[in-house]
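Contents: one structure, followed by commentary.
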Amino acid sequence: MRKKQIKWVLAIMACLLTLGTVMPVGFVKAEETDAEYQKIKDAGELVVGLSADYAPYEFHAEVNGTDTIVGFDVSIAQKIADDLGVKLKIEELGFDALLGALKTGKIDLIISGMTPTEERLKEVDFSDPYLTSSQKVVIRKADADKYKTVNDFKGQSVGAQKQTTQEELVKTELVGATAVSLQKVPDLIMNLTNKKVEGVVLEQPVAEAYVDRDSSLTLADVTFENGTKQTAIAMPKNSPVLKEKINASIKEIDDKGLMKTYQAEANKLMFQKDQNFFQKYYKYYVNGAGYTIFLAIIGVFFGAIFGAILALIKLGKIRILRWIATAYIEYVRGTPLLVQIFIVYFGSGIIGIDLSKLAAGCIALALNSAAYVAEIIRAGISAVNKGQMEAARSLGMNQRQAMQFIIFPQAIKNILPALGNEFVTVIKESSVVSVIGVSELIFQAGNVQGASFKPFLPYVIVSLIYFVLTFSMSRLLGVAERRMNTND
Ligand code: ARG
């Protein structure tokens, strides 16, 4: 009897043991990870995308002498990265580019004051909300008596940030108003102070920040019917584990009342004592100018190489190649650089190449410039009088020698000045790369706008810098050209 009992106990224990070891592998393991979470863990880095034009959510401020993206969204991002045990990397993009970046895997999360809406939920997943806020219309103080209800904006222009819930509100609730949608919040405020729009719809904390900063602005006494909006973190669909971890972090933030601390920190940074404008922001411009020059040099250098190849193909004899080169040149010249930049940046993600913003910017500029350079070179060569080739050939040179010793030295005189102009053009065009968040001059001007709450001045300064760059470049080219002419 006793032996039998022991046998039973042993059998049950064995069963439990196997269950205990097999079960976790079979069942629990499946929920310990998902592709997105694993990717973050493997990289040891959480890439959070945001649009840092939204104080106190996310904005630029000087911290220990260096420009830093701060705000309570950044504090939340840091907390989540800490909880996941990885490093935090912030990617700055325009608000309207964030969803695309998340869907193409450029970023892991969006923490950018984003409201879960039905349309967005079709594309991405959202965490539990970490904030609820109301919506306000910022107006000029002088108009305080004019705008008291949603109906008072009939026939007026009202601004909102592109592809936001605020834009939606202007369209649905401000009856008869015209929506003016812009990419950056500081540009909207500039339109307001310059009387281009009569009001700007913003999330309450942001609206208050601007009103606090600019004594000529105030909040209209207007309430929206659907004005209460939640804010949450966007993540790729089908990431249950990641979502669970993020919600756990949010819950902890809630439970411990950390949001208050984060908001207080953000406010303190927002109202830092103002130094002299130039003292405070010159670094942004120096930095931006560096990137702009870098983009232009790389763009033109590789553009020239690729362009030369295209030109030679076009002048060459292989029909199919000629056809391809022509198609490329026409296509690139016939589409906006802006679109090409998006195609390179997001397209590379889709085909699985992980390009940085800067690399994508350089490549797009070079690919674009190549089309123009190809035409410059081709035109430069064609412009050399036909008789030159005939004369060279009748002197007994073969085609190649004629090209090398007679045609090309003459063509180069047509080509070089035009190539110099191309460089000047690319300096200016590189400003478009700001859309994907490369920190060149225009992008930095945006940062200064956000940090200084001054909408206009940063652009004036940036225009001066561009002018200095392009003007000195043209002068230099002028000198080089004269030299070449005297060499004749
Ligand atoms: N909550 C609004 C939305 O989701 C606006 C958010 C804008 N955020 C920003 N960082 N600019 O549409």
Establish, for the pair Lys106 and Tyr345, whether the NZ or CZ atom is under 6.0 angstrom from the six-membered ring centre and no further than 45 degrees off its axis.
yes
Could you check whether any side-chain heavy atom of Asp34 comes within less than 4.5 Å of a side-chain heavy atom of Gln38, counting everything from C-beta outward?
no
Are Phe471 and Phe467, when compared by the centres of their aromatic rings, separated by less than 6.0 Å?
yes
Looking just at side-chain N and O atoms, do Glu119 and Thr117 make a donor-acceptor pair shorter than 3.5 Å?
no
Do Val137 and Leu219 come close enough that some side-chain heavy atom pair is under 4.5 Å?
no
Side chains of Ile427 and Leu469: closer than 4.5 Å at any heavy-atom pair?
yes
Salt-bridged, Glu118 to Arg120, with N to O below 4.0 Å?
no
Sub-4.5 Å side-chain heavy-atom contact between Ser75 and Glu265:
yes
side-chain contact (heavy atoms from CB on, under 4.5 Å) partners for Val432, two or more places apart
Leu337, Leu338, Ile341
Please round to the nearest 0.5 Å and tell me the distance separating atom CD1 of Ile69 and atom NE2 of His60.
4.0 Å
For Glu92 versus Lys357, what's the shortest heavy-atom pair and its separation?
O-NZ, 3.5 Å
Using side-chain contact (heavy atoms from CB on, under 4.5 Å), reason through Ile318 and Ile320 one step at a time and then give a plain yes or no.
CA-CA 6 Å; Ile318 309 170; Ile320 173 88; 4.0 Å; yes
When you look at CG of Asp354, are more than 12 heavy atoms from neighbouring residues, nucleotides or ligands closer to it than 6.0 Å?
no
How far apart are the closest heavy atoms of Ser434 and Ile442, and which atoms are they?
OG-CG2, 3.7 Å
Please report the shortest heavy-atom distance between Ile246 and Ile80, naming the atom on each side.
CG2-CD1, 3.9 Å
Distance, nearest 0.5 Å, that separates CD of Gln263 from OG1 of Thr261:
9.5 Å
Sidechain-backbone polar pair: Glu173 side chain, Asn226 backbone, donor-acceptor under 3.5 Å:
yes
Gln449 and Asp187: side chain donor to acceptor below 3.5 Å:
yes
Heavy-atom side-chain contact between Tyr210 and Val185 under 4.5 Å:
yes
Start with the C-alpha distance between Lys237 and Glu123, add both sets of side-chain angles, then the distance that settles salt bridge (Lys or Arg N to Asp or Glu O under 4.0 Å), and finish with yes or no.
CA-CA 7 Å; Lys237 274 195 180 300; Glu123 311 288 325; over 6 Å; no
Student check: side-chain heavy atoms of Ser474 and Val424 closer than 4.5 Å
yes
Enter the distance from Asp82:CG to Lys87:NZ here, rounded to the nearest 0.5 Å.
12.5 Å
Evaluation steps, side-chain contact (heavy atoms from CB on, under 4.5 Å), between Leu217 and Ile139
CA-CA 6 Å; Leu217 300 177; Ile139 54 172; over 6 Å; no
What distance do Leu188 atom CG and Leu182 atom CG have between them, rounded to the nearest 0.5 Å?
4.5 Å
Assess the residue pair Glu252 and Lys79 against the criterion (side-chain contact (heavy atoms from CB on, under 4.5 Å)); give the C-alpha distance rounded to whole Å, side-chain angles, the decisive distance to 0.1 Å, and a yes or no.
CA-CA 10 Å; Glu252 197 187 325; Lys79 162 92 178 126; 3.0 Å; yes
Just verifying a value: how many Å separate Lys229 NZ and Thr115 OG1, rounded to the nearest 0.5 Å?
7.0 Å
Using ring-ring contact (aromatic ring centres under 6.0 Å, His included) as the criterion, point out the one residue from Phe95, Tyr130, Phe72 that pairs with Tyr57.
Phe72
Member of Leu102, Val124, Asp108 meeting the side-chain contact (heavy atoms from CB on, under 4.5 Å) criterion with Pro236:
Leu102
Below 4.5 Å, heavy atoms only, C-beta onward: do Ile107 and Val48 meet side chain to side chain?
no
Can you tell me if Ser239 uses its side chain to pair, donor with acceptor, with the backbone of Met235 under 3.5 Å?
no
Does the side chain of Glu244 come under 3.5 Å of the side chain of Asn247 through a donor N or O and an acceptor N or O?
no
Under 3.5 Å, is there a donor-acceptor pair between the side chain of Asp73 and the main chain of Gly113?
yes
Heavy-atom closest pair (Ala371 atom, Ile329 atom, distance to 0.1 Å) is O-CG2, 3.7 Å
When rounded to the nearest 0.5 Å, the distance separating CD1 of Ile233 from OG of Ser127 is 4.5 Å
Scan side-chain atoms only and decide if Ser249 and Asp83 contain a donor-acceptor pair under the 3.5 Å cut-off.
yes
Glu62 and Thr68: side-chain contact (heavy atoms from CB on, under 4.5 Å), yes or no, with the steps?
CA-CA 6 Å; Glu62 192 143 328; Thr68 316; over 6 Å; no
Distance-only polar pair, side chains of Gln183 and Gln161, donor-acceptor under 3.5 Å
no
Shortest non-hydrogen contact from Phe126 to Ala234?
CE2-CB, 3.7 Å
Could you go step by step and tell me if Phe278 and Tyr282 meet the ring-ring contact (aromatic ring centres under 6.0 Å, His included) rule?
CA-CA 5 Å; Phe278 292 96; Tyr282 82 91; 9.6 Å; no
Look at the rings of Tyr281 and Tyr284 and say which category their plane angle falls in: under 30° parallel, 30 to 60° tilted, over 60° perpendicular.
perpendicular
Hydrogens and angles aside, do Ser430 and Glu440 bring a side-chain donor and acceptor to less than 3.5 Å of each other?
no
What heavy-atom pair brings Gln135 and Val201 nearest, and what distance separates the two atoms?
CB-CG1, 4.5 Å
Looking at Asn194 and Lys196, would you say the former's side chain and the latter's main chain have a donor-acceptor pair under 3.5 Å?
no
Any side chain to side chain donor-acceptor pair (under 3.5 Å) pairs touching residues 358-377, not counting sequence neighbours?
Lys314-Glu375, Gln340-Asn368, Ser369-Glu422, Glu375-Arg378
Note, Phe302 side chain near Leu365 side chain (heavy atom, < 4.5 Å)
no
Within 6.0 Å of OH in Tyr291, more than 12 heavy atoms from elsewhere
no
Would you call Lys243-Asp125 a salt bridge at under 4.0 Å N-O?
yes
Return yes if some donor-acceptor pair links the side-chain N/O of Arg322 with the main-chain N/O of Gly316 below 3.5 Å, else return no.
yes
Distance only, no hydrogens: is a donor on one side chain within 3.5 Å (strictly under) of an acceptor on the other, for Ser181 and Glu167?
yes
